[in-house]
Participant: 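Before I ask anything, let me first share the structure, which is written out below as structure tokens.
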2 protein chains.
Amino acid sequence: MPATPAVPDGKRPTLADLATRAGVSTALASIVMRGAKGASAATRERVLEAAREIGYRPDARARLLRSHRSHLLGVQFGLQHPFHADLVEGIYATAEPAGYQIALSAVTAERGEQRAVETLLDDRCEALILLGPQAPASRLTELAGQLPVVSVARHLRPPVPGLEVVRTADDKGARQAVDHLVALGHRAIAHIDGGKAPGAADRRRGYRTAMSRHGLTEHIRVVPGGLTEAEGAEAAQVLAASHPCPTAVLAFNDRCATGVLDVFLRSGIPVPGAISVVGFDDSHLARLAHIDLTTVGQDIPRLAHLAVDRAIARLDGRDTGTGEQVVAPHLVVRGTTAPPSTAPAT
Amino acid sequence: MPATPAVPDGKRPTLADLATRAGVSTALASIVMRGAKGASAATRERVLEAAREIGYRPDARARLLRSHRSHLLGVQFGLQHPFHADLVEGIYATAEPAGYQIALSAVTAERGEQRAVETLLDDRCEALILLGPQAPASRLTELAGQLPVVSVARHLRPPVPGLEVVRTADDKGARQAVDHLVALGHRAIAHIDGGKAPGAADRRRGYRTAMSRHGLTEHIRVVPGGLTEAEGAEAAQVLAASHPCPTAVLAFNDRCATGVLDVFLRSGIPVPGAISVVGFDDSHLARLAHIDLTTVGQDIPRLAHLAVDRAIARLDGRDTGTGEQVVAPHLVVRGTTAPPSTAPAT
DNA sequence: GACCGATTGTAGAACGTTCCACGTGGGCGT
DNA sequence: ACGCCCACGTGGAACGTTCTACAATCGGTC
């Protein structure tokens, strides 16, 4: 039965209306509505019934204006990043059962992180979960001084006090990718990096380390890229035109890899026939059978769960150990990698 | 200069703190902060300066608890739909300059529309903008009774009072796609439909009408599909296995088309060599050079702009004419369509 | 010098909720 | 009978704003 607002005027029913209707005080009505103890089963039932009748819904704003706890987690995410969409999905799944609401604030081409965070603060979020923040560390530190902040997927060298970090072991991920390619027989493996994007430094380092460890130091080649398809495409152009073209490429992330794939296919360079491509994230994108990208998988549900968990832990005063949670990545082999066709040059 | 909270205790500075600091009443401080008239230039400057010093930011919840206008537009969107992401981007771009905030509520596999809308209502949004809502019309009508509701991209036959509709002329879009394919020489054109997804009925109808108009009634073929890659892939399997395989396919949307593309490519059916594929939406997805999908473009910025505009118009009491805004689609020809290779059978 | 309107400012009551400090009343041990 | 505790319930003060009065000041006009 759809709730017919049984209050005379067009106004939305308030706690006072509910209390009048049920014949109790507003305080008691409040107790019942939020499931606190201090009401008998009989009245509880009566109030609930009245609430149903008049279609009462508590006003979230008034509620959290009064109670100092808002039970609201602010989440900043990149609207166009499939990886972030997946994370948000996981965040909802963990936060709502735990009794926390999520306030989303999107970062787009025209709407910067600064603006996104400002609106979250104005909404009186209790804690901030930032997905792949690009803001300078100083800004994050400043924020962390005001409220608990969890940075997801970005590595911050000096553990900033009050700032929680949840991330994938990016260096290890890059290493897994290189190991896989080397095992297939590749030697000339290039890396399209993410510039100053979150995680980029670690992936670059992991790549370099792994290459050295395989004795391929002289084949190390890092091409500037970025985290969008366009940037990946640009880097691919550079690689395709370069004289000793690599036989394999490790891209910064899946979006970047998609751009790379695109350029190669259009240039008539078969993948993985002539060149292998590896992405990073294992977002929905990579799983599309059409793209079928070999990629370094991040454990997205786990990252999301940890992020929410860390935020709540901090709010509950449970002190957390290191302030950093590192999740292991795992290689997902799909169709964009294969042994090199040409004999490997020393 | 990053605001150093100059208030003794850890609390966030309040309007009273600001007033004290600036040596004025809270009322006056309020006037200055919201840029209302009634303060001299001198005091205005003094208050603003004080605000900067103590890092004061107005509390959004308290503000809108008091003022009956909340200037908050609730937006329900599908987290995994690139088309929705594009719309949200456009909505931000229109709403924020107009002085409206956006509250986002995502619909995911585990979080239904009902839940998404509930949280928006609890946040005391003034109006709802629903992107591609799947809820039954009765539910939408009920909502529209409570507050202005704008439904984007879904056609509702009987203009529900109080419900604004902003949509693309889906039938016309489907017709454009068919016309394009027929002009290329195709006759056996199949349609993978979207079931009960928003817009699906119109696209199906547009497809049928266009086919009849070209005298291709006997070639009409509608295969059940959906709005995800998986559903598109499934439909493509069916088509590929069917005996007289069509030479062209109009998919319900870009995601669906991507799934179709994938199956064909894996089955060794060249696109557009053996079969042409057309999508719908022109989302980011279609534009990826890697996918390069011919698609029926929806004017996303315009849809977004209209949605916000209609919502605000209703809030301002400006009565709106028909309650329905229909935007013309335009075909975007890319690389997945070409003349059929086999001679067309009558 | 009284009156006026405009301008600048203030006090205090909302808004819808939660929290705190109390009233009840009844059961029960002494 | 008395105290005492407990479960249940109430009144009223917050929370941080905005809004509706109304007060003070000032130059200007008759």
Side-chain angles (χ1 to χ4, degrees), chain A residues 5 7 9-47 50-51 54-72 99 101 121-126, chain B residues 5 7 9-47 50-51 54-72 99 101 121-126:
Chain A
V7 177
D9 47 31
K11 294 310 211 177
R12 183 169 163 159
T14 162
L15 193 59
D17 298 328
L18 173 60
T20 309
R21 176 88 176 204
V24 296
S25 69
T26 61
L28 188 49
S30 168
I31 285 175
V32 172
M33 288 319 290
R34 75 194 121 102
K37 64 175 180 182
S40 71
T43 37
R44 200 171 286 276
E45 184 48 48
R46 190 150 41 92
V47 172
I54 65 175
Y56 170 78
R57 314 213 77 217
D59 185 324
R61 325 306 262 234
R63 162 173 286 180
L64 63 81
L65 170 59
R66 171 61 225 197
S67 60
H68 278 157
R69 298 296 312 268
S70 73
H71 284 262
L72 191 61
Q101 287 246 30
L121 289 180
D122 288 348
D123 285 348
R124 289 289 192 269
C125 292
E126 288 193 280
Chain B
V7 177
D9 47 30
K11 296 311 214 175
R12 185 171 163 157
T14 161
L15 194 60
D17 297 329
L18 173 60
T20 309
R21 175 87 176 204
V24 295
S25 69
T26 60
L28 188 50
S30 168
I31 286 175
V32 172
M33 288 318 291
R34 75 193 120 102
K37 64 174 180 181
S40 71
T43 38
R44 200 171 286 275
E45 183 49 47
R46 191 151 40 93
V47 171
I54 65 175
Y56 170 78
R57 315 212 75 216
D59 185 323
R61 329 304 265 234
R63 162 173 286 179
L64 63 81
L65 169 59
R66 171 61 226 200
S67 58
H68 278 157
R69 300 296 311 267
S70 74
H71 283 263
L72 191 61
Q101 287 246 33
L121 289 179
D122 288 348
D123 284 349
R124 289 289 193 270
C125 292
E126 288 192 281

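Proteins get letters first, then strands, A, B, ... in listed order; numbering begins at 1 in each. A quick note: this is a predicted structure, and the numbers were derived from the prediction, not measured.
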Participant: Tell me whether the OP1 or OP2 atom of D:dA14 has a side-chain N or O from A:Arg66 closer than 4.0 Å.
Facilitator: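 Negative; the distance criterion is not met.
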Participant: Rounding to a whole Å, what distance do you find between A:Arg34:CZ and C:dT18:P?
Facilitator: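 Between P of C:dT18 and CZ of A:Arg34: 5 Å.
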Participant: Any side-chain heavy atom of A:Arg46 within less than 4.5 Å of one from A:Val24?
Facilitator: yes
Participant: Would one find a side-chain N or O of A:Thr43 under 4.0 angstrom from OP1 or OP2 of D:dG9?
Facilitator: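 For D:dG9, OP1 or OP2 has a side-chain N or O of A:Thr43 closer than 4.0 Å.
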Participant: Can you tell me if the side-chain N/O atoms of B:Thr14 get under 4.0 Å from OP1 or OP2 in D:dT17?
Facilitator: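 For D:dT17, OP1/OP2 do have a side-chain N/O of B:Thr14 under 4.0 Å.
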Participant: Does D:dT18 have OP1 or OP2 sitting under 4.0 Å from an N or O in the side chain of B:Ser30?
Facilitator: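 Indeed, a polar side-chain atom of B:Ser30 lies that close.
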Participant: Rounded to whole Å, how long is the line connecting atom CD1 of A:Ile31 with atom C1' of C:dC22?
Facilitator: 13 Å
Participant: With a 4.5 Å heavy-atom cut-off, do B:Leu72 and A:Arg61 have their side chains touching?
Facilitator: yes
Participant: Check every strand shown and say whether B:Ala27 touches a base, only sugar-phosphate, or nothing at a heavy-atom separation below 4.0 Å.
Facilitator: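 Base, at least one base atom sits under 4.0 Å.
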Participant: Are A:Arg44 and A:Val47 close enough, and set up right, to give a side-chain contact (heavy atoms from CB on, under 4.5 Å), and what steps lead you there?
Facilitator: CA-CA 5 Å; A:Arg44 200 171 286 276; A:Val47 172; over 6 Å; no
Participant: Give the rounded distance in Å between these two atoms: CG of B:Leu64 and C1' of D:dG16.
Facilitator: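 Distance, rounded to whole Å: 11 Å.
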Participant: When the distance from CG of B:Leu65 to C1' of C:dA14 is rounded to whole Å, what number comes out?
Facilitator: 9 Å
Participant: Rounded to the nearest Å, what distance is computed from the NZ atom of residue B:Lys37 to the P atom of nucleotide C:dA6?
Facilitator: 10 Å
Participant: At under 4.0 Å, does any side-chain N or O of B:Ser67 touch on OP1 or OP2 of D:dT18?
Facilitator: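 Checking B:Ser67 against D:dT18: no side-chain N or O falls below 4.0 Å of OP1 or OP2.
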